[in-house]
Amino acid sequence: MTRSDETPEHRYNAQLANEIEQRWQNRWDDERVFWTPNRMGLLAEDPRGVAERPSMFILDMFPYPSGVGLHVGHPLGFIGTDVYARFQRMQGFNVLHAMGFDAFGLPAEQFAVQTGQHPSVTTEQNIATMRRQLRALGLAHDPRRGPSTADESYYRWTQWIFLKIYNSWYDSDADRARPVEELVEEFRSGARLTPQGLPFDDLGSTEQRELIDSYRLAFVDESPVNWCPGLGTVLANEEVTPDGRSERGNFPVYKRPLKQWMLGITAYADRLIADLDIVDWPDSIRNMQRNWIGRSTGAYIRFPVEGHEDLEIEVFTTRPDTVFGATYMVLAPEHPLVNEITANEWPGDEIFVDWESSPIDSWKGVFGMVGPPAEAVHRYREFVGGKSDLERETEGRDKSGVFLGAFAINPVNGEPIPIFVADYVLMGYGTGAIMAVPGQDERDWEFAEMFGLPIVRTVQPPDAWEGEAYLGDGPAINSGFLDGMNVADAKAAIIEWLEANDHGTAAVTYKLHDWLFSRQRYWGEPFPIVYDEHGPIALPESMLPVALPEMTDFQPRTSDDPDALPEPPLSRASDWVEVELDLDGPKWAGQGAGRQVYLRETNTMPQWAGSCWYYLRYLDPTNEDAMVDPAVEAAWADSKAGLVDLYVGGVEHGVLHLLYARFWHKVLYDLGYVSTPEPFQRLFNQGYILAAAYTDQRGMHVEAEEVEVRDGEFFFEGQGVTREFGKMGKSLKNAVAPDDIYRDYGADTLRLYEMFMGPLNVSRPWNMADIVGVHRFLQRLWRNLVAEETGVAHVSEERADDETRRLLHRTIAAVRADMESLSFNTAIARLFELNNHLTHVVQEQGSTPREVAESLVLMVAPLAPHIAEELWERIGHSETLAYEDFPEPDPELLKEDAVEVPVQVGGKVRSRITVPVGADDATHERLAREDTRIAELLDGATVRKTIVVPGRLINFVV
RNA sequence: GCGCGAGUGGCGGAAUUGGCAGACGCGCAGGAUUCAGGUUCCUGUGCCCGCAAGGGCGUGGGGGUUCAAGUCCCCCCUCGCGCACCA
């Protein structure tokens, strides 16, 4: 006898689940159930009449089309948004939910290189595979709205947005971006003066071009960039790890001055910080963004260099009030002034006798660097440049540096102060030079101690404060006219003095730098830019798209040699690079030169370009005349601060993608193409699915699937291995394929399990053994509504008993609240309780009352939509339940007549009594005292106090 | 070092404003069905003492506020994440 002979024919098992799931997925497609109508424009067809409902835009961070397929960790967020979207649709919203693909970029290109196929081929294949895998989950997406960023019909609009950015400048008076035409107009009218003081039209066309180009929000700049020969491309700061390697591939990254495209994101720094207050985002992400932008306020101060009439060192400080305590200066090793300032020979000691500090000879000796200053500097630079990452970590923050033999003059008191180079000052922040104030700065204190430099406190520390810098507030001391002022007043006073005496100015600096926007890769958006002998020229919109040329040799030239130079693959497409055009337009834009040969830009845009605006294209994906119809955008935006109602994705995009997308959105907002100042109103970070991973004695990961457990020990091929938990994936060899789960349980079980494991924003370990729990729930749900022997529904038209109805309506109220707050795990627990109760009802009555059956099915529908649709049909409905109203609780049935209340004596629960709802304190106390057990305990005791919380608790304090 | 988050049964996890700690699921134990195993169903299950009634202990550790603390305050420990010489 085999199992299947004994199992009832219509039991809900994997086989039946698979049948049901395929049938409903097909039906949803055939009937276009999840085609979301726009209120106007191209996608306005609205057979269900839902376009005028309130709108809700629910968005996932779209995936890149990976070649290895999905594992069960990937769709966690996708399932979460699908449950939420289905719930909101049933609450009467017109819900937009779709899924596109982030198809350009390194992962796709590297996959193509590995497989030896063209990325356009592999990308298309991978997208098809992923669409198939995602479809099997039953996600209710509008299939028309999922573009791939590598489609020509998509990236022509990425190029279009680039042109809009290129053709804009930031008007800091109006605090917004404006078209460059308006800038030209200001120059022409004289409202704005040209730097040369001449009328704009008297300038030569090259001068006009250079002037306007210097204002643009997209510009070519030669500056130190992150050059990664191992990838053959330059990278944005955000793509480089703190230890100087590429985030992708972990290759070393070198700073090299190279001509590259930059986007002027720093112009938006203050708005990017300020508008974090108008969105509903996790604090952690908002802090990460604030940190990354790194705004500090303070002042620039200029220090004259002794013996160089023409030279000044400019520093940035957040504590200008401490300038009287600046006893030395430090330049970053790469600072351009180092060579000019370094003295020819070491000075004598005599000028330092007043300071009673260590003699100059000892400074020279700290790092054993003898010989003339220039040699010491040279050797120090070698020492710093040769530090490996490992050394940097093990050495930690030990200070090092050398004296330049030169002195600056402290502008507030005329004191000569020695100048050092040291690697604790970074070229990339502020001006790359500092005034060192050891009395008020820990790092400077440490350096001063090491070199025996004088320490002057300029803020009075608290009593008994000794041996370290004091960073707190207090009255200024040793600071001339500032003495007695607190820090804030002293700052204001010294800035005023510095500005009046031309020694400095108030200033704000940022850690954020402009965004390096070009890559030397093939698989990306070409720039809509050509060059003549003077520089870049934007192509007119009519020439879009600039199609990526077909190339067989698309591979980047990578190298181990740090001195190798970047070589964009597109530069090898010579037929494409050279192009004859007649560009119509103004001379100041480089246009209007007649028909001639130009050279195309051969860099491509970074991966982030396509993902900066994809959510906008979801709104109007087939529009060929506009990125998005403004009326359509406004309808979905619906006067919120952020367009997207809910955006779900991983924390790893907390800075990069989310910052870049906000920046582009703000430019588009300034130029009037979108109606909200922010793209994403509510952001939610989903956790990860973790899984056991195993390492062998060599520390290598082994296939988790093949590990055996014996007596709590783990073995792989007979060898002992150790277990740890980590993010599920290829690298830890602990991935679980969704197909295996479909095969054994079905997609509804997988969905339900992933939602039941824990709160959506928390990472949780995958445990195969737990899955049966949710599968049993679906099985019981099925059995409660359908006879397993016949497959026929057993639903009665009789009214449910009072207890069942009360439970039903309590469940409805709780599930609604949980769904709203994305607490799917507790919503599911509530449904379990109701279903368990129903099991008893069915056992007694042989059927389920319809009112309970229908409500339960509708509540299950967002979570396990296939089985819900099937049950909905079997209990007598012909239409999909996707647009049915989510059940509403009856307030009358939420009320209880009486509640059980714990009675405490001395804070310990000793009994429970039943109290009518709404009873007063006295009644509570009387009923409690009537309880035999309580009466016993209170007999002979003195009740010092009685606490009554009506309906909650009674406590006799003895 | 700084910032953010977390620490609750054997496991995943529940617990509006401080008000019955451990919902729900897994696992485990006992029972029904079964020749048997598996499936399905029922009952029990924080730990300790006790036949039981009952009692004691219990939310990383220590202290405090309170009639009452997982929740609030102070100190400490561990783990995860982010930033990291940012002037």
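In the text below, chain A, chain B and the rest are named by the order of the sequence lines, each starting its count at 1. Note that the structure is a prediction, hence the values are computed from the model and not measured.
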(message) Mind checking if A:P759 touches a base, just sugar-phosphate, or nothing, with heavy atoms under 4.0 Å?
(response) sugar-phosphate

(message) For a quick check of understanding: with a heavy-atom distance under 4.0 Å over all strands, which category does A:R11 fall into, base, sugar-phosphate or nothing?
(response) sugar-phosphate

(request) Report yes or no: does A:R764 contribute a side-chain atom to a donor-acceptor pair with the main-chain N or O of A:V762 at less than 3.5 Å? (result) yes

(request) With heavy atoms under 4.0 Å as the rule, sort A:D444 into base, sugar-phosphate or nothing. (result) nothing

(request) Pick base, sugar-phosphate or nothing for A:R910, based on heavy-atom distances below 4.0 Å to the nucleic acid. (result) sugar-phosphate

(request) Have a look at A:K908 and say if it touches a base, only the backbone sugar-phosphate, or nothing, with a 4.0 Å heavy-atom cut-off. (result) sugar-phosphate

(message) Nearest heavy atom decides the nucleotide; on that basis, is A:V425 or A:V762 closer to the 5' end of RNA chain B?
(response) A:V762

(message) Under 4.0 Å, counting only non-hydrogen atoms across every strand here, what does A:R290 touch: a base, just sugar-phosphate, or nothing?
(response) nothing

(request) May I ask you to decide if A:G80's main-chain N or O and A:R751's side chain share a donor-acceptor pair within less than 3.5 Å? (result) no

(request) Name the residue closer to the 5' end of RNA chain B, choosing between A:N291 and A:Y510 according to the nucleotide with the nearest heavy atom. (result) A:N291

(request) Identify, residue by residue, the members of residues 776-786 of chain A with a heavy atom below 4.0 Å from RNA chain B, and return them in order of residue number, or none. (result) A:R776, A:Q779, A:R780, A:R783

(request) Name the nucleic acid region contacted by A:E442, choosing base, sugar-phosphate or nothing; use a 4.0 angstrom heavy-atom cut-off, strictly under. (result) nothing

(message) Return a single string for nucleotides 7-12 of chain B, one symbol per nucleotide in 5' to 3' order, where B is base contact, S is sugar-phosphate-only contact and - is none, cutoff 4.0 angstrom on heavy atoms.
(response) -----B

